[in-house]
Amino acid sequence: MDKNNFRPAQAARVLAALQARYPQPHTHLHADTAWQLLVATVLAAQCTDARVNLVTPHLFRRWPGPADLAEASQEDLEEVIRSTGFFRSKAKNLLGAARRVRDVYGGTVPASLAELVTLPGVARKTANVVLFGAYGINEGLAVDTHVKRISFRLGLTDALDPVAVERDLMEVFPKDEWGDVNHRMVWFGREVCMARKPRCAACELADICPRREPPI
DNA sequence: ATCCCGAGGG
DNA sequence: CCCTCTGGAT
């Protein structure tokens, strides 16, 4: 295999395998609106989606939309989201985001990457997740801990910086697949290609994985 | 580079 | 005990 053609060819194989394994990719975060998806995604930083889904029902019942949360006290919000970790900074950022969505965007979560990243606590990963999940827009490819680890292991990137990883992935995956690639890699990362002890023996991609254990 | 921070698994 | 979980701001 030519070195210059390795990544695109590898990406095509990875995509086919993940499509076969996960025919219907979707987020595992529970949210009914764009705003709620934004809140859930912010809470999901360094936290399992299962844990996030444990607190969001209470959060969304008490403060359904941005105008509601904008009036909440930080102490009350901290108490509700405490178990998701980083609860002080998450509460502060969510209150700031709620006020900005209410005051600057008329209560509607903006539908562009440039506008989303102006919200406190929202950078490219969260913005990409919200853009695709709420609006079906593939402006970028959300790179989280799973996407980063799996892309590196499978040889789709040599980069460690998430922005560079995103650029490499955008080059080798079709644009209309970016959102689904994220969902599929997250799913795959939970079930098979885990950080600590990957299940290489049960992995259908092991034969094309440069980092399978044990190595050939 | 460092800090933020709780909860579950091995 | 240590590592990891759909990161972001300083």
Side-chain angles (χ1 to χ4, degrees), chain A residues 18 21-22 24-31 34 36-56 58-59 74-75 77-101 113-134 137-154 156-157 159-166 169-170 173 177-200 213:
Chain A
L18 291 180
R21 184 181 184 90
Y22 303 112
Q24 296 180 319
H26 56 85
T27 181
H28 291 79
L29 293 172
H30 299 163
Q36 292 184 359
L37 178 60
L38 191 156
V39 172
T41 307
V42 167
L43 293 178
Q46 300 294 293
C47 176
T48 62
D49 50 359
R51 172 64 49 186
V52 173
N53 289 334
L54 235 42
V55 313
T56 45
H58 303 278
L59 203 167
Q74 183 165 334
E75 292 73 20
L77 181 55
E78 285 179 0
E79 184 179 353
V80 172
I81 69 173
R82 190 177 191 285
S83 68
T84 66
F86 297 160
F87 62 90
R88 288 189 198 83
S89 48
K90 285 177 180 176
K92 182 177 180 177
N93 286 333
L94 286 175
L95 287 179
R99 295 187 189 112
R100 184 167 172 81
V101 168
L113 202 53
E115 290 175 307
L116 279 167
V117 297
T118 69
L119 300 174
V122 178
R124 290 190 66 91
K125 181 264 172 181
T126 298
N128 280 322
V129 168
V130 171
L131 265 184
F132 180 72
I137 297 174
N138 279 309
E139 193 170 340
L141 203 162
V143 175
D144 52 69
T145 183
H146 294 296
V147 173
K148 180 179 170 180
R149 177 181 69 251
I150 291 164
S151 299
F152 186 79
R153 283 179 176 169
L154 287 170
L156 301 178
T157 183
L160 299 178
D161 167 32
V163 177
V165 174
E166 182 180 1
L169 296 183
M170 289 167 71
F173 288 117
E177 295 289 342
W178 291 351
D180 289 336
V181 166
N182 168 270
H183 287 149
R184 286 176 166 126
M185 282 195 180
V186 170
W187 207 339
F188 185 64
R190 288 199 340 237
E191 290 189 340
V192 181
C193 196
M194 300 100 83
R196 187 88 71 100
K197 190 183 157 196
R199 297 173 178 162
C200 300
E213 289 293 340

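Naming: A, B, ... by sequence-line order, numbering from 1 per chain.
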Expressed in whole Å, how much space separates the C1' atoms belonging to B:dA1 and C:dT6?
23 Å
In whole angstrom, give me the gap between the P atoms of B:dC5 and C:dT10.
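It comes out at 14 Å once rounded to the nearest Å.
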Distance-only donor-acceptor hits, side chain of residues 120-131 of chain A, under 3.5 Å, sequence neighbours excluded:
| unit_1 | atom_1 | unit_2 | atom_2 | d |
| --- | --- | --- | --- | --- |
| A:Arg124 | NE | A:Glu166 | OE1 | 2.8 |
| A:Arg124 | NH2 | A:Glu166 | OE1 | 3.4 |
| A:Arg124 | NH2 | A:Glu166 | OE2 | 2.9 |
| A:Asn128 | OD1 | A:Gly140 | N | 3.2 |
| A:Asn128 | ND2 | A:Arg124 | O | 3.1 |
| A:Asn128 | ND2 | A:Glu166 | OE2 | 3.2 |

Please identify each residue that fulfils side chain to side chain donor-acceptor pair (under 3.5 Å) with [X], with sequence neighbours left out.
X: A:Arg99; value: none
X: A:Arg149; value: A:His146
X: A:Glu115; value: A:Ser112

Is the backbone of A:Phe173 close enough, under 3.5 Å, to the side chain of A:Trp178 for a donor and an acceptor to pair up by distance?
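Looks like yes, one N/O pair under 3.5 Å.
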Testing A:Val143, A:Asp144, A:Val147 for side chain to side chain contact (heavy atoms under 4.5 Å, CB included) with A:Pro162, which one passes?
A:Val143
Report, as a single string ordered 5' to 3', how protein heavy atoms within less than 4.0 Å touch nucleotides 3-10 of chain C: B base, S sugar-phosphate only, - not at all.
BSBBBSS-
A:Asn182/A:Phe132 under side chain to side chain contact (heavy atoms under 4.5 Å, CB included): CA gap, chis, key distance, verdict:
CA-CA 10 Å; A:Asn182 168 270; A:Phe132 180 72; over 6 Å; no
Judged by each residue's nearest nucleotide on DNA chain B, which is more toward the 5′ side, A:Arg51 or A:Arg88?
A:Arg88
Residue pair A:Arg153, A:Glu213: steps toward the salt bridge (Lys or Arg N to Asp or Glu O under 4.0 Å) verdict:
CA-CA 11 Å; A:Arg153 283 179 176 169; A:Glu213 289 293 340; over 6 Å; no
On DNA chain B, which is the earliest and which the latest nucleotide, 5' to 3', with an atom closer than 4.0 Å to a heavy atom of chain A?
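Nucleotide range with atoms under 4.0 Å of chain A: B:dC4 to B:dG9.
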